[in-house]
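Notes for the one structure printed next.
Side chains included, hydrogens not; waters and symmetry mates left out as well; all remaining heavy atoms used.
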Amino acid sequence: RREGGRNLRAMGQRSAAVATPEFIEARLKAMGGRERILNNAEALAMMRKELGTSAMVQKILHFDKKQRFYAMMNEVFVNNILSAPRTLMGAAVSKGARKIMGRDATLVAKEMQRATDELMQLAEQFGTAWSYGRKAFRQGDYILDAGQGTLDLPEFMQTAVNAENFGYVIGKELDPSKGLGLAVEKFGNAIRTPSRALMATDEFFKQWQYRSSVSSDLMFEGRIKKQEGEIDDIDLFVERELRAMTRRGQAFTQRNLQAQAMRLYRPDMDRYKKATFPLDALQADRDAWVKKQMQSKDGVDRGEIAQRALEKARERTFTNDLDPDGGFLSSVGIAAQRLGTKHPWFRLFVPFIRTPMNILLYASRRTALPGVNKDLYGAAEYMYRTRLGSKNLDAVKTKMAQQLASKDARVQADAMGRMISALGFSSLALGMVAANRITGAGPKDKRQRDLLAQTGWQPYSIKVGDTYLSYQKLDPF
């Protein structure tokens, strides 16, 4: 605590300015979550009471050695899974398909113009998104949305193969710059290549989605402002605002803006050395700069547009956090994440949790089966209220019904689009299955499957003419 205070003073930073709720939540997540930290603290208190301080320390050291070993094994295992080219290609194609198909909710509903703008921006933003994907691969870290990727592992498990952990496990301190320590560091960087490739894929699609979504919203705002005579050139307006909302390739969030303010306003500047209260003056300038960036001289709500775009980018790459109120599947996913954080060995069997669960949730919400798609119950409640019930839409309880009754055109359009696309996709799929145009796993009996295969039949495929096209790996389809 003392050292932390000294470091903050050296940077001219107050703890309250650094330890924002957003920052604290991000650090808790990186350390395995709030529940894990509280459970560990409780376990330590009980251990000290039962064993005494000396025995407690020995047990912690032994436990930490096992945790580090499991974390290293998990990293090797995950990268071994990702090393298959088909796996990475499948992930890329799946996210690309989701990128295009994600517009079903707007294309089939009321937001046609905005959806068209976003589709047009795909070609415009492709090159920039690609360059940031390459940059993410080189530096081994996310740029747009730090800590939010397909690898939903705590930080200490993502780069576990290193000289410090290996030395701790074998009981010998290793220098990462020479000898065995250097060899372990190089080995860790080498085996991490597949996960860095996956990270680059995430970054590319997120950048692509974020930038195209921000641009389309700005084009929509620009048309209104031009009609009202507030601006003259829509393209210039979009370019200026987009540049302001994508500094250094990062999402336009409070946390990223605060980090940029710390780089711009440093305590070693002469103006703060001469100030009577240097820390107060420094923090005031940083806060003023952040506030200025959040506001646009053209009256654009940058924060709202950026937040909406970031949520879309997460949803369409299946990297959004699981919603505790998202139903049974979401609750199972959250429970599995907690179990994996508490017991790292669990990740050896289930290395990915958040993304597969998001894929299942996405698919279930586009399936017109009441037992699978819980949104149908919300739609039924909405229909009852508007057609037969009290017509008091303020009293609706389910999330879907609230979205359908929303006064925000975007929210309502998205909900209506999900319902229409669920009916459309399900009807199309059932029709193709009935016509033997879509195949599944096939018979359980191997001999029967072999006989079918001899006729040209192929599992998990779509039949186009006389050709079978496999849809394996094209999650969630």
Side-chain angles (χ1 to χ4, degrees), residues 20 22-33 71 74-75 78-79 81-82 87-88 91-92 94-96 98-99 125-162 188-189 191-214 242 245-260 262-263 306-322 337 341 347 351-356 358-359:
T20 60
E22 187 180 24
F23 173 84
I24 293 172
E25 197 62 37
R27 295 319 304 160
L28 287 174
K29 184 178 178 182
M31 295 166 66
N74 181 73
E75 186 181 8
V78 167
N79 280 277
I81 294 174
L82 295 174
T87 302
L88 291 174
S94 171
K95 288 171 185 175
R98 175 72 175 98
K99 179 84 175 73
Q125 303 300 331
F126 183 89
T128 306
W130 181 262
S131 65
Y132 278 114
R134 293 174 59 188
K135 185 176 179 181
F137 179 81
R138 289 195 301 269
Q139 71 182 37
D141 198 5
Y142 293 103
I143 301 169
L144 180 80
D145 191 19
Q148 199 81 12
T150 302
L151 286 173
D152 55 331
L153 300 170
E155 277 184 20
F156 72 91
M157 295 180 71
Q158 292 187 28
T159 55
V161 180
N162 56 50
N189 289 331
I191 66 161
R192 222 165 277 137
T193 301
S195 60
R196 288 170 65 181
L198 181 65
M199 183 181 295
T201 305
D202 282 343
E203 185 66 32
F204 163 67
F205 282 108
K206 272 192 173 180
Q207 288 277 357
W208 202 17
Q209 173 60 56
Y210 178 81
R211 298 177 73 88
S212 60
S213 179
V214 168
L242 179 63
M245 295 169 66
T246 54
R247 293 174 183 270
R248 301 164 65 92
Q250 296 178 324
F252 191 81
T253 63
Q254 192 82 14
R255 183 177 64 176
N256 288 338
L257 288 174
Q258 287 171 346
Q260 290 177 40
M262 289 178 67
R263 287 190 291 268
Q307 184 60 34
R308 186 163 54 243
L310 185 59
E311 287 174 1
K312 277 187 182 181
R314 288 175 176 175
E315 288 173 3
R316 293 179 185 177
T317 53
F318 308 111
T319 57
N320 50 301
D321 286 327
L322 296 172
Q337 284 180 320
T341 302
R347 289 286 192 164
F352 304 100
I353 298 172
R354 180 175 60 201
T355 297
N358 276 326
I359 289 172

| task | Apply salt bridge (charged side-chain N to carboxylate O under 4.0 Å, His left out) to Glu75 and list each qualifying residue two or more places apart in sequence or on a separate chain. | result | Arg192
| Is a side-chain N or O of Gln148 found less than 3.5 angstrom from the main chain of Asn320, in a donor-acceptor match? | no
| said: Donor-acceptor pair, distance only, cut-off 3.5 Å: does the side chain of Thr201 make one with the backbone of Ala197? | reply: yes
| Closest approach of Leu322 and Gln337, non-hydrogen atoms and distance? | CD1-OE1, 4.0 Å
| request: To the nearest 0.5 angstrom, please state how far the CD atom of Gln209 sits from the CZ atom of Arg316. | output: 4.5 Å
| field | Nearest atoms (heavy-atom pairs only) where Thr355 meets Phe318 | value | OG1-O, 3.3 Å
| request: Apply side-chain contact (heavy atoms from CB on, under 4.5 Å) to the pair Tyr132 and Phe137, showing each step before the final yes or no. | output: CA-CA 9 Å; Tyr132 278 114; Phe137 179 81; over 6 Å; no
| message | Within the 4.5 Å heavy-atom criterion, are Phe352 and Leu82 side-chain neighbours or not? | response | yes
| request: Using salt bridge (charged side-chain N to carboxylate O under 4.0 Å, His left out) as the criterion, list what pairs up with Arg196, not counting sequence neighbours. | output: none
| Beyond-backbone contact of Val161 with Ile191, side-chain heavy atoms, under 4.5 angstrom | yes
| Roughly how far apart are Gln307 CD and Gln254 CD, rounded to 0.5 Å? | 11.0 Å
| field | Backbone of Gln125 reached by a side-chain donor or acceptor of Thr128 within 3.5 Å | value | no
| remark: All heavy atoms of Ala309 vs all of Tyr210, minimum pair found to be CB-CD1, 3.6 Å
| So, for Leu310 and Ala251, which heavy atoms are closest and what is the spacing to 0.1 Å? | CD1-CB, 4.0 Å
| Set of residues satisfying ring-ring contact (aromatic ring centres under 6.0 Å, His included) with respect to Phe252, sequence neighbours excluded | none
| Is the number of heavy atoms from other residues, nucleotides or ligands within 6.0 Å of CZ (Arg134) greater than 12? | no
| Met199 vs Glu203 side-chain heavy atoms within contact, under 4.5 Å | no
| Plane angle bin for Trp208 and Phe205 - parallel if under 30°, tilted between 30 and 60°, otherwise perpendicular | tilted
| query | Do the non-hydrogen side-chain atoms of Asn358 and Thr319 ever get within less than 4.5 Å of each other? | reply | no
| message | Using the side chain to side chain contact (heavy atoms under 4.5 Å, CB included) criterion, which residues pair with Arg263? Sequence neighbours excluded. | response | Arg248, Gln250, Ala259, Gln260
| request: Check whether any side-chain N or O of Thr317 sits under 3.5 Å from a backbone N or O of Lys206 as a donor-acceptor pair, and report yes or no. | output: no
| Would Asn256 and Thr253 count as having a side-chain donor-acceptor pair, cut-off 3.5 Å? | yes
| Listed by chain and number, what are the side chain to side chain donor-acceptor pair (under 3.5 Å) partners of Asn74, not counting sequence neighbours? | none
| said: Please enumerate all residues that pass side chain to side chain contact (heavy atoms under 4.5 Å, CB included) together with Gln139, with sequence neighbours excluded. | reply: Lys135, Asp141, Ile143
| said: Has Asp145 got a side-chain atom pairing as donor or acceptor with Tyr142's backbone, closer than 3.5 angstrom? | reply: no
| request: Without swapping roles, check the side chain of Gln207 against the backbone of Gly249 for a donor-acceptor pair under 3.5 Å. | output: yes
